[in-house]
Peer 1: 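Take this structure, written in structure tokens, and hold onto it; I'll ask about it next.
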Amino acid sequence: MSPATTEKAPRPAWLTAAPFLFVSLWSGGFTAIKLCLPHAEPMTLQVMRYLTVVTVLLPLWAVLRPPRLERATLMHLIRMGLLVQFAYFAAMNLAMANGMGPGTIALLIGLQPVLVALLAPAVVGDPPVGLRGWIGLMLGMAGAAMVISSGSGFAASGWIGLGFALLALSVMTAGALLERKSGRPTHLVTANLVMCSVALAASIPVAWVTETMVVDWAPELFIGLGYMVFVNSLISLSILFAMLRHGEAARASSVFFLVPPLAAFIAWMVLGDEMAWLAIAGTAVAVIGVALVVAKR
């Protein structure tokens with residue numbers, strides 16, 4: 001969704017560092033999920049996440065009383081809520097629950113800008129990326145294959161986890177293309193409240209039918225859940241939309257390729273996951289591939 005249109009405001013000085021701040025905060029979300037999963041099942045964790053986000057945003061929406069949504073905008077937000085907030089995070093949670101390391105899944109999801117750049121000309125009419133884009137995609141895929149086959153803590157331990165990770169990549173790519181094609185100016189609080197409410201409504205029956213919904217209220221669960229809710233869902237998105245309002249979206253894309261190595265570093269620091277030299281080399285190859293596509297020429 002697009003942020004609400006506002007009058008041109010002076011550019012805050014902190015926006016110079018905003019892209020790096022956004023990427024740094026967003027990268028920690030992969031480790032936060034992994035930190036929570038020993039204490040809550042994947043879909044149960046998703047229910048807890050969105051229930052907390054909606055609980056925080058609903059009073060804020062009641063106080064701010066943003067403009068009422070048009071039907072077309074509401075339908076777009078519902079589709080985005082089902083596709084990105086529900087399906088993407090469900091696939092990512094299930095991938096990690098089935099053996100995917102934070103560094104590996106961050107690397108696969110990090111290929112999303114490459115896929116969007118390659119598909120956008122046909123879907124939304126963007127200029128083609130040409131040979132450079134295809135080289136970037138090949139390097140990204142080769143790097144991901146090196147990491148997955150490395151046997152380190154960042155590798156995939158089974159085909160089920162890898163399948164869910166690829167599903168998450170596909171869903172996020174589709175969501176980005178849908179937003180670029182049909183996104184409408186929407187108040188930030190309203191947009192997030194609608195999408196997270198839709199994701200919550202979709203997650204509850206899935207968790208109820210497929211899981212026990214038993215939760216171990218360990219300190220790690222509170223830490224990881226708090227990071228996902230406040231740092232990822234609220235602070236990171238607020239930074240992103242601040243950049244959009246001031247025309248900084250391109251700079252955010254130009255540093256997006258830093259997510260995989262940052263996610264790998266955070267997972268190593270927090271979880272102690274090992275990273276073999278083949279995985280390090282694969283991450284470097286994939287980063288170069290994504291950088292070829294998203295960085296400024």
Side-chain angles (χ1 to χ4, degrees), residues 1-12 14-15 18 21-22 25-26 28-29 32-33 36 40 43-90 92-93 172 175-176 178-179 182-208 213 215 217 221-249 252:
M1 65 287 173
S2 303
T5 54
T6 57
E7 294 183 2
K8 185 68 174 180
R11 182 180 183 277
W14 66 271
L15 275 178
L21 180 61
F22 169 75
L25 295 177
W26 190 257
I33 294 174
C36 292
M43 295 307 301
T44 300
L45 177 62
Q46 184 153 306
V47 170
M48 296 168 64
R49 174 179 186 166
Y50 288 125
L51 181 61
T52 307
V53 172
V54 171
T55 302
V56 172
L57 289 180
L58 191 58
L60 184 60
W61 177 85
V63 171
L64 295 176
R65 301 299 298 270
R68 187 174 180 177
L69 292 175
E70 297 179 356
R71 185 178 184 278
T73 303
L74 177 61
M75 294 305 298
H76 174 70
L77 292 176
I78 291 174
R79 288 193 295 266
M80 290 297 292
L82 287 172
L83 190 62
V84 177
Q85 296 287 0
F86 168 69
Y88 165 70
F89 283 108
M92 194 162 66
N93 287 0
M172 179 55 74
L178 176 63
E179 174 59 30
S182 306
R184 298 167 178 266
T186 312
H187 192 281
L188 175 61
V189 174
T190 302
N192 281 304
L193 180 59
V194 171
M195 290 192 297
C196 291
S197 297
V198 168
L200 176 62
S203 301
I204 289 175
V206 177
W208 181 269
M213 300 192 75
V215 177
W217 299 101
L221 177 65
F222 287 100
I223 294 172
L225 184 61
Y227 191 98
M228 287 189 291
V229 169
F230 294 101
V231 178
N232 274 165
S233 297
L234 298 178
I235 296 176
S236 294
L237 287 178
S238 296
I239 294 173
L240 175 61
F241 281 105
M243 290 189 291
L244 289 172
R245 284 194 297 271
H246 292 276
E248 295 289 323

Peer 1: Has the side chain of Tyr227 got a donor or acceptor atom that lies under 3.5 Å from a matching backbone atom of Leu25?
Peer 2: yes
Peer 1: Do Arg71 and Leu74 make a side-chain contact, defined as non-hydrogen atoms from C-beta onward lying under 4.5 Å apart?
Peer 2: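 Arg71 does not reach Leu74 side chain to side chain.
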Peer 1: Taking the side chain as everything from C-beta on, heavy atoms only, tell me whether Leu178 gets closer than 4.5 Å to Met80.
Peer 2: yes
Peer 1: Roughly how far apart are Leu82 CG and Leu77 CG, rounded to 0.5 Å?
Peer 2: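 If I round to the nearest 0.5 Å, the distance is 11.0 Å.
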Peer 1: Working to the nearest 0.5 Å, report the span between OG1 of Thr73 and CD1 of Ile78.
Peer 2: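 The OG1 atom of Thr73 sits 11.0 Å away from the CD1 atom of Ile78.
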Peer 1: Taking the side chain as every heavy atom from C-beta outward, state whether Phe89 and Arg49 have any atom pair closer than 4.5 Å.
Peer 2: yes
Peer 1: Which heavy-atom pair separates Met195 from Gln85 by the least distance, and what is that distance?
Peer 2: CB-CG, 3.9 Å
Peer 1: So which heavy atom on Gly81 is nearest to which on Ala199, and how close?
Peer 2: O-CB, 4.1 Å
Peer 1: For the CE atom of Met172 and the CG atom of Leu83, what is their distance to the nearest 0.5 Å?
Peer 2: 8.5 Å
Peer 1: If you look at every heavy atom in Ala201 and Pro205, which pair is closest and at what distance?
Peer 2: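 Heavy-atom minimum between the residues: O-CD, 3.0 Å.
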Peer 1: With side chains defined as the heavy atoms from C-beta onward, is the minimum distance between Asn93 and Met43 less than 4.5 Å?
Peer 2: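 No, too far: nothing below the 4.5 Å cut-off.
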Peer 1: So, Ser236 side chain and Val231 main chain: donor-acceptor pair closer than 3.5 Å or not?
Peer 2: yes
Peer 1: Apply the test side chain to side chain contact (heavy atoms under 4.5 Å, CB included) to residues Leu45 and Leu221: give CA-CA distance (whole Å), side-chain angles for both, the deciding distance (0.1 Å), then the verdict.
Peer 2: CA-CA 9 Å; Leu45 177 62; Leu221 177 65; 4.2 Å; yes
Peer 1: Return all side-chain donor-acceptor pairs below 3.5 angstrom for residues 53-70, not counting sequence neighbours, or 'none' if the list is empty.
Peer 2:
| from | atom 1 | to | atom 2 | distance (Å) |
| --- | --- | --- | --- | --- |
| Thr55 | OG1 | Leu51 | O | 2.6 |

Peer 1: Would you compute the distance between atom CG of Asn192 and atom CG of Leu234 and round it to the nearest 0.5 angstrom?
Peer 2: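 So the gap between those two atoms works out to 7.5 Å.
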Peer 1: Taking side chain to side chain donor-acceptor pair (under 3.5 Å) as the test, write out the residues that go with Tyr88, two or more places apart.
Peer 2: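 Tyr88 satisfies side chain to side chain donor-acceptor pair (under 3.5 Å) with no residue once adjacent residues are dropped.
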Peer 1: Side chains of Cys36 and Met228, heavy atoms from C-beta outward: is any pair under 4.5 Å?
Peer 2: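 Heavy-atom side-chain distance check passes, below 4.5 Å.
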Peer 1: Counting only N and O atoms by type, is there a donor-acceptor contact under 3.5 Å from the side chain of Tyr50 to the main-chain atoms of Ser203?
Peer 2: no
